[in-house]
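Along the sequence shown, residues carry numbers from 1. Note that this is a predicted model, so its numbers are computed, not measured. Counting convention: from 1, in listed order, for ligands and their atoms alike.
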Amino acid sequence: MKVLVVGGGSREHALCWSLRQDPSVEKIYVAPGNAGTALLADNLPIAAADIDSLVRHARELRPDLTVVGPEAPLCAGIVDAFGRHNLPVFGPARRAAQLEGSKVWMKEIAQRYGIPTAEARSFDDPREAIAFSRGFPFPQVIKADGLASGKGVFIATDFTQSRHAIAALMERRLYGSAGHRILIEAFLEGVELSAFALFDAKQYTVLGFAHDYKRIDDGDRGPNTGGMGAFLPSPLVSPSLLRQIEQSIFSRLHAACLGEKLDYRGVLYAGLMMTREGPFLLEINVRFGDPEAQVLLPTLGTPLSEIARAVCRDDLGDLRLIRHPLSVVGVVIAASGYPDNPRLGDPITISESAGSGADRQGTLFHGATKRDQGSLQVAGGRVFTAVGWGDHLAEARRQAYAQVDTVSFPGMHFRKDIAAFLAGRPVGDLSADPPALLSHRP
Ligand code: AMP
Ligand code: GLY
């Protein structure tokens with residue numbers, strides 16, 4: 001079969017890598033891809049958000065399956081556009097993708113279907129938002145309604161900060177129309193968990209869990225990023241917690257998709273806060289996480305093409321999902337100046353040992369890399385994800401950092417504490433025990 005992958009980050013390199021191991025996949029196209037995907041697939045020079053060009057090319061290439069990495073094309077309706085030409089896509093239709101595209105709507109859905117989530121109010125008038133904020137307990141979380149590449153969320157510890165965040169989003173329009181409406185919500189204390197499930201029109205199946213590291217620096221310091229590392233398995237997810245997450249989050253989200261007549265055939269990523277009162281839904285993403293995909297995909301024993309085809313045909317009920325009981329660690333290597341102002345064009349060297357060897361327990365996924373007249377260069381903020389796996393987290397971590405050591409470029413930055421510490425505690429000390437779910441307040 002022929003598969004088209006849409007996107008150009010490390011997540012999409014991991015998707016291509018996973019598809020490459022699948023004997024039923026003869027050909028992979030990726031749009032636009034990166035210097036790493038070029039070794040596994042045919043890179044097409046089309047931006048992920050350019051739906052018209054993607055449709056045009058797909059009508060010629062006739063992929064049997066398209067897998068969409070990033071949220072922007074999903075929210076812009078790539079699934080609907082491909083569907084009009086009978087091109088099967090793994091992903092939600094435009095209206096369903098608004099579960100990620102509008103945080104206000106997502107909150108309404110959570111409230112309507114009884115999904116635990118932080119108390120919140122929405123505003124389209126900055127004066128009303130300011131008046132509400134003054135009387136609402138701190139810390140409070142101020143969120144732009146629309147897509148802002150993970151940057152439209154501010155945690156305010158006092159009124160000066162919340163006033164500033166409201167002005168930035170609603171008056172100065174820091175993220176354009178994404179800040180036309182905002183949410184002000186209660187701050188939840190706990191440990192975050194990324195939870196993944198497959199959704200088709202009939203049912204859902206839990207795919208797995210991972211922990212993501214959002215801040216740029218060790219010890220969860222510095223600004224938020226798209227994600228600086230991830231690992232699994234989660235030390236928090238006991239069988240009883242899994243049942244709780246299924247009952248209070250995924251089964252209600254699936255009921256919401258049915259109740260609201262949303263066409264959702266793809267992966268749903270629930271951003272959860274594990275609190276003393278149980279799991280709360282922070283956000284919905286309508287796609288694989290990045291870097292979570294890079295640690296999740298190596299654990300799948302069932303080929304991705306088989307999973308995606310089952311989802312597209314509403315056959316999840318018949319899918320036998322095999323997961324390897326592996327520990328996997330992913331460490332993101334970022335460009336100098338990321339996240340605010342990544343420096344582009346730095347030359348990259350990768351040592352010969354990278355990703356080679358029959359007994360290897362790791363690999364290097366390219367993100368923002370490109371080749372310019374043969375030489376490898378930094379082309380954006382998150383440049384690589386170094387991934388390692390093993391029977392235990394310590395081994396996976398060792399393998400991941402061994403992969404980091406194969407890369408070198410000026411100003412490269414990575415966190416040293418991935419899978420060692422989580423929410424300020426050694427990972428080995430964490431359990432589903434409620435007292436362990438306390439994190440530091442801002
Ligand atoms: P979101 O895009 O809504 O997931 O928000 C981005 C990040 O902000 C999350 O990953 C959390 O770290 C943090 N966050 C969002 N909502 C809350 C909340 N209600 N309480 C505490 N932290 C939050
Ligand atoms: N790692 C967070 C995200 O993919 O949104």
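Counting heavy atoms closer than 4.0 Å to ligand 2, residue Tyr269 contributes side-chain atoms (C-beta onward) but none from N, CA, C or O. Contacts with ligand 2 closer than 4.0 Å are made by no heavy atom of Arg11, backbone or side chain.
At a 3.5 angstrom cut-off on N or O pairs, Gly227 does not count as close to ligand 2. Ligand 1 has a nitrogen or oxygen under 3.5 angstrom from a nitrogen or oxygen of Leu188. For ligand 1, the polar-atom distance check against Ala186 finds a nitrogen or oxygen pair separated by under 3.5 Å. Of the N or O atoms in Asn224, none lie within a sub-3.5 Å distance of an N or O in ligand 1.
Distances from atom 2 (O) of ligand 1 to the heavy atoms of Lys103, Glu185, Glu100 put Lys103 nearest. Residue Glu192 holds the heavy atom nearest to atom 12 (O) of ligand 1 of all those in Met106, Glu192, Glu283. Nearest-heavy-atom check against atom 18 (C) of ligand 1 across Asp212, Leu281, Val141, Thr117 picks out Val141.
In this structure, the side chain to side chain contact (heavy atoms under 4.5 Å, CB included) partners of Glu185, at least two apart in sequence or on a different chain, are Lys107, Ala118, Ala120, Val141, Lys143, Leu183.
Distance check: Ser234 OG to Leu422 CG gives 7.5 Å after rounding to the nearest 0.5 Å. The CG atom of Leu272 sits 11.0 Å away from atom CZ of Phe280, with the distance rounded to the nearest 0.5 Å. How far NZ of Lys370 is from CG of Leu376: 11.0 Å, rounded to the nearest 0.5 Å.
If you number the atoms of ligand 1 from 1 as listed, the ones under 4.0 Å from a heavy atom of Met273 come out as 21 (C), 22 (N). Remark: ligand 2 atoms within the under-4.0 Å shell around heavy atoms of Gly226 are 1 (N), 2 (C). The contact set between ligand 1 and Lys214, taken as ligand atoms under 4.0 Å from a residue heavy atom, comprises 10 (O). For ligand 2, the atoms sitting less than 4.0 Å from at least one non-hydrogen atom of Gly289 are 4 (O), numbered in the order shown with element in parentheses. Distances below 4.0 Å separate heavy atoms of Lys143 from the following atoms of ligand 1: 3 (O), 15 (C), 16 (N). Close approach to Leu282 involves these atoms of ligand 1, each under 4.0 Å from a residue heavy atom: 3 (O), 11 (C), 16 (N), 17 (C), 18 (C), 19 (N).
Of all protein heavy atoms, the one closest to atom 13 (C) of ligand 1 is Ile155 CD1, 4.3 Å. Shortest contact from atom 5 (O) of ligand 2 to any protein heavy atom: Arg287 NH2, 2.9 Å. Regarding atom 7 (C) of ligand 1, its nearest protein heavy-atom neighbour is Val153 CG1, 4.4 Å.
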Decide ring pair (Phe, Tyr, Trp, His ring centres under 6.0 Å) for Phe365 and Phe384; before the verdict, give the C-alpha distance in whole Å, the side-chain angles of both, and the deciding distance to 0.1 Å.
CA-CA 6 Å; Phe365 292 126; Phe384 293 97; over 10 Å; no
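Using a cut-off of 4.0 Å between Lys/Arg side-chain N and Asp/Glu carboxylate O, Glu306 and Arg309 are scored as not salt-bridged. Ion pairing between a basic and an acidic side chain is recognised when a charged N comes within 4.0 Å of a carboxylate O; Asp218 and Arg221 show no such pairing. A salt bridge is defined here as a Lys NZ or Arg NE, NH1 or NH2 lying under 4.0 Å from an Asp or Glu carboxylate O, and Lys214 with Glu192 meets this definition. Using a 4.0 Å cut-off between charged side-chain N and carboxylate O, Asp340 and Lys151 make no salt bridge.
The ring of Phe138 has its center no closer than 6.0 angstrom to the ring center of Phe159.
When the options Arg252, Glu260, Glu108, His254 are evaluated for a side-chain hydrogen bond (donor to acceptor under 3.5 Å, both in side chains) with Tyr113, the one that passes is Glu260.
Judged by distance alone, the side chains of Ser194 and Asp212 never bring a donor and an acceptor atom under 3.5 Å apart.
No heavy atom of Ser194 sits closer than 4.0 Å to any atom of ligand 2.
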